[in-house]
Amino acid sequence: MSNEILENLKKAILEYESEKAANLAREALEKKIDPAKALNVMTEAVRQVGDGFGRGELWLPDLVGAADAMQSAMPIIQKEIERKGMKVETLGVVVVGTVFGDIHSIGKTMVCTLLAAEGFTVYDLGVNVTAEKFIEAVKKYKADILAMSALMTMTAPEQRKVIAILKKENLRDKVKVMVGGGSLTEEFAKNIGADGYDPTAPGGAKLARRLLNK
Amino acid sequence: MLKGFTRKFKPLEILTEEHVEAIHRGILDVLQETGVRFESKRALKLFEKNDCQVDWSNNQVRFPPALVEECLRKAPSSFRIKARDPKNDLIIGGNTVYFEPGVGMQTIDIDTWELRTATRKENYDGVTILDALDTVHFLSCYCPYFGFDNVPSVMAMLESVAAKIRNSTKAQWSGYQGREVFVIEMAKAAGIELLGNIICSPPLTYYGDGVENIFRFIEAGFPIDVCGGGTIAGATGPATVAGSLIADGALNVAGIVLVQLIKPGTRVIVQGGAGPQNMRQGSPAFGAIGGSLHNVAYNQIFRHYKIPIMDAGCYAGSSKRIDYQNGYEKAIPAVLAALSGANLIGFHGGMYGELSWHPFQAIIDDDVAGMIGRFIEGIKVNDETLAIDLIEKVGPIPGFYLNKEHTRKWWKKEQFVPKVADRLTYPEWMKTGKKSCLDYAKERMDEIAATHKVAIPLTSSQEKDIERILKEARKYYKEKGLI
């Protein structure tokens with residue numbers, strides 16, 4: 001029975017069924033299924049989609065579909081894990097968002113999905129995220145990595161601002177910062193004091209591993 | 001007045017009348033049932049005063065269909081826009097076709113094809129080249145570059161307008177995010193009109209600083225470009241062309257309604273430029289043929305509304321080099337835009353979206369625009385061009401046409417002769433260093449830089465005014481902490 005629910009949860013993500021995935025996550029908890037197991041099958045499903053994308057067999061709508069399905073089920077499971085004070089196996093905690101003034105979400109969503117597929121615990125703050133919200137989330141989730149996206153030249157400097165606040169709050173040594181987005185360059189990333197930059201989403205996920213030596 | 005080109009035959013129509021009606025109904029329905037979000041109190045109040053239903057909790061406006069149709073009727077079907085030299089005034093609408101350049105965040109190093117920030121000189125020389133190119137009729141906002149060396153981003157638009165006023169007498173457009181206050185002043189100092197623009201953000205949204213500016217432009221008596229946010233089919237609009245036409249159309253029509261409510265009869269041009277999403281990288285698929293499917297249909301719909309149209313789908317392809325791909329991804333959409341009734345086509349010099357611009361590309365594009373222009377001028381048919389008497393007089397071989405007066409009189413009118421295309425015979429080409437159109441573009445660029453002067457330089461008092469306005473703007477943004 002519990003295997004069937006977990007199989008269906010995985011299938012719901014592989015078939016991009018957000019509502020179904022959320023319902024199955026709730027059902028799993030009602031049936032006292034170990035939330036860590038639920039988390040595993042969800043990660044496995046996203047990994048399959050990420051791999052398919054990497055091989056060129058799947059496309060962005062697939063990646064985003066899987067991301068949405070996972071996002072709808074994830075908070076339910078995560079909440080239970082937190083409630084039980086369980087330790088989950090993770091490569092690290094990544095807080096991700098598109099900076100203030102910028103509402104571009106595609107690149108950020110791609111990175112979130114591929115990070116989750118790699119095995120990171122991802123907190124997606126969405127778009128138009130203020131510096132204060134980034135800092136708050138880094139503290140709250142004890143992030144190992146802060147990943148910021150900015151598509152536009154005009155919003156890219158917001159990343160510098162966040163890094164400055166991290167320093168001010170004595171958080172800079174506790175969290176690695178990676179940046180990405182259409183208007184960014186390696187030089188800009190170095191210039192603002194980020195730990196890493198990659199021009200692609202799959203590259204971003206690999207970069208996160210390197211930053212944590214995983 | 002600049003003549004530009006005139007399409008002398010029926011426009012290309014991709015939709016049936018029933019299709020156009022279905023899309024029109026869709027647009028009206030979306031506007032009435034779902035409406036459009038406007039993040040501007042001033043706009044919302046105006047909508048409410050004119051019987052639109054405003055939901056103040058989410059700033060969404062629902063439009064009565066009768067009001068929408070009335071506003072579409074109030075927009076003039078063609079209009080003049082004033083340039084610094086009256087010879088360069090444009091009359092936009094009907095079957096006229098003008099071109100304007102593409103724009104780039106940066107320039108390209110032609111040896112490495114890598115991006116770098118343009119210098120001040122490159123920006124000013126770029127404007128000079130655009131002033132010299134006959135098929136550039138209008139200057140786009142931020143052309144050729146969005147910014148250049150040592151210009152704070154908040155000053156980029158203002159410096160761009162100043163460069164265009166100084167180095168060209170052609171008409172131009174510009175102004176949003178509060179910069180309009182200064183650029184309108186500059187336009188007045190130079191005695192020109194600026195095409196202002198209202199900027200939408202699909203799906204179905206207008207943000208404040210893309211809207212508030214047009215109140216100022218309209219107050220100044222200037223025309224407005226209702227700037228398509230470039231709906232991306234499959235990302236910011238439905239993946240189907242028909243659906244994205246409705247989503248994009250509804251957004252632009254809402255913009256036109258606002259313009260006509262602010263001041264009925266205000267001159268507007270509507271800007272199309274949607275296209276599909278690149279489903280691998282997540283960027284727009286610049287130069288994709290799906291963009292042309294959308295834009296050709298879009299042109300048909302807005303011709304139906306009798307609103308002049310700007311087609312922004314030909315600015316650039318996806319290639320990072322000036323190469324075959326960049327050629328076909330720009331030329332095919334531009335041909336289709338011209339055939340389907342676009343009145344203004346964004347074209348010269350742009351590469352990879354709006355990320356880069358290069359003068360060589362602009363010079364090559366001058367030839368392409370010339371070819372397209374020649375094509376849409378069509379075929380002159382009269383007794384003299386039919387040349388029946390001549391054909392009968394010349395007869396079969398050894399009859400010959402090269403030495404005839406008819407040939408001398410007509411060939412230049414009939415042919416378009418490109419300026420930088422390689423048309424040499426093979427032996428000549430081998431002997432002259434195997435040059436390509438890129439080599440010839442560089443030669444032409446050097447020649448323009450050495451010889452072209454702006455027809456009417458600014459008077460010293462106009463120049464003083466421009467410098468004063470720039471100074472005031474720098475002071476203002478410094479005080480705001482933006483410089």
Side-chain angles (χ1 to χ4, degrees), chain A residues 16 49-50 52-68 98 100-114 127-128 149-161 164 180-188 191 198-205, chain B residues 37 39 103-106 114-118 142 145-148 151-157 176-179 199-203 205-210 229-230 232-236 238-240 276-286 318 320 352-356 477 481-483:
Chain A
Y16 324 133
V49 175
F53 183 78
R55 286 194 303 271
E57 290 161 8
L58 296 179
W59 297 79
L60 256 183
D62 306 302
L63 202 59
V64 174
D68 274 4
T98 302
F100 179 63
D102 203 324
I103 55 159
H104 294 90
S105 67
I106 296 170
K108 185 258 316 158
T109 306
M110 287 169 79
V111 171
C112 284
T113 314
L114 296 174
V127 298
N128 200 21
S149 169
L151 184 77
M152 301 185 295
T153 349
M154 271 139 80
T155 56
E158 188 69 19
Q159 298 172 328
R160 186 197 303 270
K161 187 176 160 191
S183 66
L184 264 64
T185 60
E186 186 85 54
E187 198 189 341
F188 177 84
N191 203 295
D198 199 278
T200 69
Chain B
R37 181 177 151 207
E39 293 293 329
V103 294
M105 300 292 296
Q106 292 180 290
E114 286 179 11
L115 295 168
R116 66 167 172 79
T117 305
Y142 278 126
Y145 299 113
F146 276 80
F148 43 90
V151 173
S153 68
V154 76
M155 285 296 293
M157 183 187 289
Y176 44 86
Q177 287 178 324
R179 323 287 198 268
I199 300 173
C200 55
S201 305
T205 303
Y206 281 89
Y207 283 105
D209 53 10
I232 304 167
T236 59
T240 51
Q277 165 92 329
N278 166 354
M279 291 300 187
R280 177 64 48 200
Q281 271 69 30
S283 47
F286 304 113
S318 290
K320 321 300 177 289
Y352 191 60
E354 291 185 337
L355 214 64
S356 54
Y477 288 119
L482 293 168
I483 293 182

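Throughout, protein chains are lettered first and strands after them, A, B, ... in sequence-line order, and every chain is numbered starting at 1.
When heavy atoms are compared at a cutoff of 4.5 Å, B:Q177 approaches chain A solely by way of its side chain, counted from C-beta outward. Contacts between A:L63 and chain B at a heavy-atom distance below 4.5 Å are absent for every atom of the residue. Only the side chain of B:Y207 comes within contact range of chain A, judged by heavy atoms closer than 4.5 Å.
Within 6.0 Å of atom OH in B:Y142, more than 12 heavy atoms from other residues, nucleotides or ligands are found, so the atom counts as buried in its surroundings.
Listed here is the closest heavy atom pair of B:A235 and A:I106: CB-CD1, 4.0 Å. Taking all atoms of both residues into account, the shortest heavy-atom contact from B:N278 to A:L60 is O-CD1, 3.8 Å. Taking all atoms of both residues into account, the shortest heavy-atom contact from B:R280 to A:E57 is NH2-N, 4.4 Å. The shortest non-hydrogen separation linking B:M279 to A:W59 is O-CE3, 3.5 Å.
Distance check: B:Q281 CD to A:M110 CE gives 7.0 Å after rounding to the nearest 0.5 Å.
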